[in-house]
Amino acid sequence: MRYIKSFLIFSFVAVSITLFGQIPKAGVPNQRKESPFTAIKNRTWWKEAIVYQIYPRSFKDSNGDGIGDLNGIISKLDYIKSLGIDVVWLNPIFSSPNDDNGYDISDYRNIMKEFGTMDDFDRLLKGLHQRNIKLVLDMVLNHSSDEHDWFKQSRSSRTSPYRDYYHWWTAEKGKPTPRYSFFDVNSNAWKYDQITDSYYLHYFSEKQPDLNWENHKLRNEIYDMMKFWLDKGIDGLRMDAFQYVSKDTLWKKYPDGYEKDIIKYYGMGPNLHSYLREMNDSVTGKYNVMTVAEGAGSTLADAHSLVDEDRKELNMAYHFEVMDIGNDPKGYNLPDLKKVFTKWDSSFANKGWLAIFLANHDVPRMVSKYGNDSPAFRETSSKLLSTLIMTMRGTPFYFNGDELGMSNIRFDKIEDFRDIATLNAYKNVLAKGEDLNAFMNKEKFISRDNTRTPFQWDASENAGFTTGQPWIKVNPNYKEVNAQREERDPNSVLAYFKKVVALRKSSPALIYGSYKIYDIDHPQVYCYLRSQGNEKILVILNFSNHNVNYPIDKGINTSLSKLVLSNYKTAEIKDHKIDLLPWQSVVYKIN
Ligand code: GLC
Ligand code: CA
C-alpha cells in the first residue's frame, strides 16, 4: 500500500507542476525519498525500461510517398511520450536498397533516402531526449547489402584489400559445402559470382552477403561505425542476428536435416564470445548504453554466456522459444507457453537478464497469435496480453500498434505480400511443385507482413498513415481500430495499455521481484505472484473464450487483496475463488 500512496503523491506533485507551472517550495519534503525503489540495490536503467519498437517504414509518412519516415516519427513524438514508455527501438534506418526492408545496409553512416536525412535523425534524437525517451538503433552486423562499397570492392577482384571482408569460396575448389539460406529462392547460401569465379556466402537473401568477422580490419571498421552513432548520443544497440557472426570457416559438412535445427549449427560460433568481449572493451563498455542480442543460442547456458554481468558481453538477449509456440493457426497449449516463460525466468532469477516480448516485425500480431482477434475478444485479449508482458520479469519489448489491438491482415494473394521471406519461399514452393494452398494458408497466419501494415492513426483514408499510396495495404479494420478513437475512449485497448505501463513503472515487484507460478498445468489460466520485499502482486489471466471459476492457491493470503487493474469492470475474490470472464486479466496487490 505504501508505495502506491507515495506513487500517487509523487504523480500529484508532477501533475501540479505541469498544471500550475509551480515548483515545490523549499520545505516540502523531497518526495523522491519515498520512492518505492529506494530499497532496491544495484538499480539498472535498462532493467526498469519499457522498450517500444517502431517499424519506421509503417509508422507515419510525412511527405506522401507512401513510406513512413523520420519526420513522420517526429510528428508523433507526443503520442509516443503519452504511452509512458522509456525507450524507442527503431528498425534499421541506414542507407539500404531495401531488399529486406533495411536489413541490407549499403552505408552504415547514412540515413536511408526514403526515411530522410541526418538532420532529421538529429532532430528525432533530440526530440526523444527532450521527452526523456532513449533511443536504440538496430545494428545489422552479420551481413551488409551487396550494394555496400565494401562488397563492391570485395567482389571486384580476388586481390582486393576488401576481399576478406566477406566469405568467398573459389570455384576451383569445386562446389562449396552446402549451407542453408533463410531467404534464398533455392535455400542455397552460396551465390556464384562470375567476376572472380567464386561463390560468396549469404545466410539471408543473395543481396545480403555475410560479413567476415574473422577479419580484424572489418571488426575495427564496425567498432568505429558504432562509436560514430554512440557519440551522437544514442542509448543502445540491438544486435541483429548477431549469434550467427562467427562462422565455422573450415566449412564442415553438416548432417542431413541440420537446417531444421539451424541455431545449433549457425549460432554461437567458435569466436562469438571473443568478438563480444572485444566489442565491449573497445566500444560498448565505454558508454552507458544497453545492448540486446536478437537470439540467445539454443540452450539456457548459451543465453547466460551472452548476458551474465561478469562476462562483460551484452546486457540482455531475447530467445525465440515463446515465438515458436503459437505458429499453428489452430492454436496452442497454454501450459506449453507457461512452461517456456517459467523455465527461462527460473534460470535467470539470480543472474543475467532477458527481454520479454510477444511480437515484433518478424512475427504475426500478438493478439492474432496468442489472443483472439475476433470482434468479440480482440480488445479484451489484447489487454490481457499487454498485462502479461508488463507484469513479467525482464525488459518488455512492445511492438507499435499492439497498444491499439492491431491484428493480422491475413493477405491471401501473393501480390499483396511485400516481405522477401514470403516472396522467395513462394517461388521455392512453386519450383518444387509443393502444395501452394497449404503454403498460402500458413503465410496468411504467420507472415511477417502481418505486423508491417501501416500504423492506424485515425479513421481517415489510409488510416491517416499517408496521403499517398501506402507501400503495403492498410488493415481494413482501421475505422474501428485507430489511435484517435482510442485516445477518446477510457476503456480502449490504448487506455488500458497506458495504465498497465504506469503500474509497472511504479512497482519494484513487477520489475525486480521474484516470480512464482501456480497451477502450471491449468489449461486456461496463467496465475503468478511477483514479490519484492513487502510488495506482492498477483496476476491472474484467463486465456480462454469462456468463464472460468478459478481457485486461488490457499498459500496466498487474499484477505486484504486490492484489485489494481482489470480489463473488465468487475472482479471479486470470494472464498479463495475468482470468477473470471473470457480473456479477463486481473492484477491484485496482496497484503
Ligand atoms: C533479423 C531481423 C529480420 C531480418 C534478418 C536479417 O532476424 O529481425 O527482420 O530479416 O535479421 O537481417
Ligand atoms: Ca515518406
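Numbering of ligands and ligand atoms starts at 1, following listing order.
- A donor-acceptor contact under 3.5 angstrom links the side chains of Asn142 and Asp210, judged on distance only.
- Here is the list of ligand 1 atoms found below 4.0 Å of a heavy atom in Phe204: 5 (C), 6 (C).
- With salt bridges taken as basic N to acidic carboxylate O contacts below 4.0 Å, none links Arg311 and Asp308.
- Sorting the N, O or S atoms of Asp61 by how far they are from the Ca ion (ligand 2) puts OD1 first.
- Protein heavy atom closest to atom 10 (O) of ligand 1, with residue, atom name and distance, is Asp100 OD2, 2.6 Å.
- What sits closest to atom 2 (C) of ligand 1 on the protein, heavy atoms only, is Asp240 OD1, 3.0 Å.
- For ligand 1, the atoms sitting less than 4.0 Å from at least one non-hydrogen atom of Phe183 are 10 (O), numbered in the order shown with element in parentheses.
- In this structure, the protein non-hydrogen atom closest to atom 8 (O) of ligand 1 is Asp362 OD2, 2.5 Å.
- Between the side chains of Tyr275 and Glu313, no donor-acceptor pair is found at a separation under 3.5 Å.
- A salt bridge links Lys343 with Glu321; the closest basic N to acidic carboxylate O contact falls under 4.0 Å.
- Of all the heavy atoms of Arg238, the ones lying under 4.0 Å from any atom of ligand 1 belong exclusively to the side chain.
- Look at Ile67 and the Ca ion (ligand 2): an N/O/S atom of the residue is under 3.0 Å from the metal.
- Residue-ligand proximity: Phe182 is placed with every non-hydrogen atom at 4.0 Å or more from ligand 1.
- Arg410 has no carboxylate O lying under 4.0 Å from a charged side-chain N of Asp449, or vice versa, which leaves the two without a salt bridge.
- The angle Asn63:OD1 - the Ca ion (ligand 2) - Asp65:OD1 amounts to 80°, with values rounded to 10 degrees.
- In this structure, Lys81 does not pair ionically with Asp78, as no charged nitrogen and carboxylate oxygen lie closer than 4.0 Å.
- In this structure, Lys247 satisfies the cation-pi test against Tyr203, with its NZ or CZ atom closer than 6.0 Å to the six-membered ring centre and inside 45 degrees of the ring normal.
- Nearest protein heavy-atom contact of atom 7 (O) of ligand 1 is Glu294 OE2, 2.7 Å.
- Neither side chain, Gln469 nor Asp65, offers a donor N or O lying under 3.5 Å from an acceptor on the other.
- Distances from atom 12 (O) of ligand 1 to the heavy atoms of Arg448, His361, His143 show the closest one on His143.
- When the N, O or S atoms of Asp69 are ranked by distance to the Ca ion (ligand 2), OD2 comes first.
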**Prompt:** Could you walk me through whether Phe357 and Tyr318 pass the ring-ring contact (aromatic ring centres under 6.0 Å, His included) check?
**Reply:** CA-CA 8 Å; Phe357 70 110; Tyr318 53 91; 4.8 Å; yes

